Amino acid sequence: MTPRWCLLSALLLSCAPAASHAEDAAALWDKSCKNCHGPDGRAQTRMGQKESIPDMTRASWQKAESDKEIRGVIANGSSHNPKMKAYKDRLSPEQMDALVGYIRTFKPQEKAP
Ligand code: HEC
């Protein structure tokens with residue numbers, strides 16, 4: 001009886017944070033990134049146009065950037081443009097990982113044939 005209950009609660013506990021991570025990433029994006037990168041990553045913002053921030057929904061952009069590179073820019077800022085600041089002191093490693101995952105959701109969906 002007890003062991004089974006333990007297993008179930010362990011599962012519930014390990015699932016709950018994973019589910020809230022996705023929401024966290026969206027909320028983080030809205031709070032910290034949207035002003036420049038836009039709600040959808042297209043960077044159709046004043047800052048985006050002025051600084052020619054790349055459109056993250058482009059397949060070519062998604063292909064060219066590895067998770068490691070994206071994670072690096074979030075953590076350390078961009079070496080090309082000081083407007084893209086380093087977030088490593090403001091965000092936890094988990095939050096930065098979650099944002100990489102969130103940026104991947106901007107990837108264009110394959111169109112059904
Ligand atoms: C003050 C405006 C601003 C904010 C806020 C901002 N960025 Fe940026 N970001 C930029 C600019 C400008 C660039 C383009 C830098 C360059 O040309 O390399 C950039 C580039 C990037 C890149 C790399 C794009 C590439 O092609 O190399 C990533 C990834 C990124 N930002 C993620 C984020 C995330 C995640 C957040 C929120 C935590 C964020 N940015 C918040 C301005 C901003």
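Remember, predicted model here, so these are calculated numbers, not experimental data. Every number for a ligand or one of its atoms is a count from 1 in the order of the listing.
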What protein heavy atom sits nearest [atom], and how far away is it?
atom: atom 26 (O) of ligand 1; value: W61 NE1, 2.7 Å
atom: atom 28 (C) of ligand 1; value: M56 CE, 3.5 Å
atom: atom 41 (C) of ligand 1; value: Y87 OH, 3.3 Å
atom: atom 29 (C) of ligand 1; value: I70 CG2, 3.6 Å

Worksheet entry | Numbered atoms of ligand 1 (with element) below 4.0 Å of N81, judged on heavy atoms |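 Listed by number with element, the hits are 12 (C), 15 (C), 16 (C).
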Practice prompt. Identify, by atom number and element, the atoms of ligand 1 in contact range of E51, meaning under 4.0 Å from any of its heavy atoms.
Written response: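 Those qualifying, in numeric order: 12 (C).
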Between the main-chain N or O of [Y] and the side-chain N or O of [X], is there a donor-acceptor pair closer than 3.5 Å?
X: T105; Y: Y102; value: yes
X: Q95; Y: S92; value: yes
X: E65; Y: Q62; value: no

Discussion item. Would S32 count as being in polar contact with ligand 1, using the rule that some N or O on each side must be under 3.5 angstrom apart?
Written reply: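 No, no N or O pair falls under 3.5 Å.
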Fill in: Contact check, side chains of V73 and M84, non-hydrogen atoms, under 4.5 Å
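In contact.
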Fill in: Any I103 side-chain heavy atom under 4.5 Å of W61 side chain
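Yes; the side chains approach each other to less than 4.5 Å.
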Could you state the interatomic distance from [atom1] ([X]) to [atom2] ([Y]), rounded to the nearest 0.5 Å?
X: R42; Y: T57; atom1: CZ; atom2: OG1; answer: 3.5 Å
X: M96; Y: N76; atom1: CE; atom2: CG; answer: 8.0 Å
X: E51; Y: C36; atom1: CD; atom2: SG; answer: 8.5 Å

Worksheet item: Is the closest heavy atom of Y102 to ligand 1 under 4.0 Å?
Response: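 Outside the 4.0 Å threshold, so no.
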Worksheet item: Which ILVMFWY residues can you reach from I53 by hopping between side chains whose heavy atoms are under 4.5 Å apart?
Response: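 Grouped by the 4.5 Å side-chain rule, M47 form the rest of the cluster around I53.
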Item to complete: Run down the list R58, M96, H80, E65 and name the one with the heavy atom closest to atom 17 (O) of ligand 1.
Response: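 It is H80 that holds the nearest heavy atom.
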Discussion item. I need the protein N, O or S atoms closer than 2.8 Å to atom 8 (Fe) of ligand 1, given as residue plus atom name.
Written reply: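 Counting only protein N, O or S atoms under 2.8 Å from atom 8 (Fe) of ligand 1, the list reads H37 NE2, M84 SD.
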Worksheet item: Can you list the steps and then say if D67 with R104 is a side chain to side chain contact (heavy atoms under 4.5 Å, CB included)?
Response: CA-CA 9 Å; D67 285 359; R104 288 301 183 204; 2.8 Å; yes
Worksheet item: According to the interplanar angle, ranging from 0 to 90°, do the rings of F106 and W29 count as parallel (below 30°), tilted (30 to 60°) or perpendicular (above 60°)?
Response: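 Plane angle over 60°, so perpendicular.
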Worksheet item: What part of E69 sits under 4.0 Å from ligand 1 if we count only heavy atoms: the side chain, the backbone, both or neither?
Response: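 Neither; nothing of E69 gets under 4.0 Å from ligand 1.
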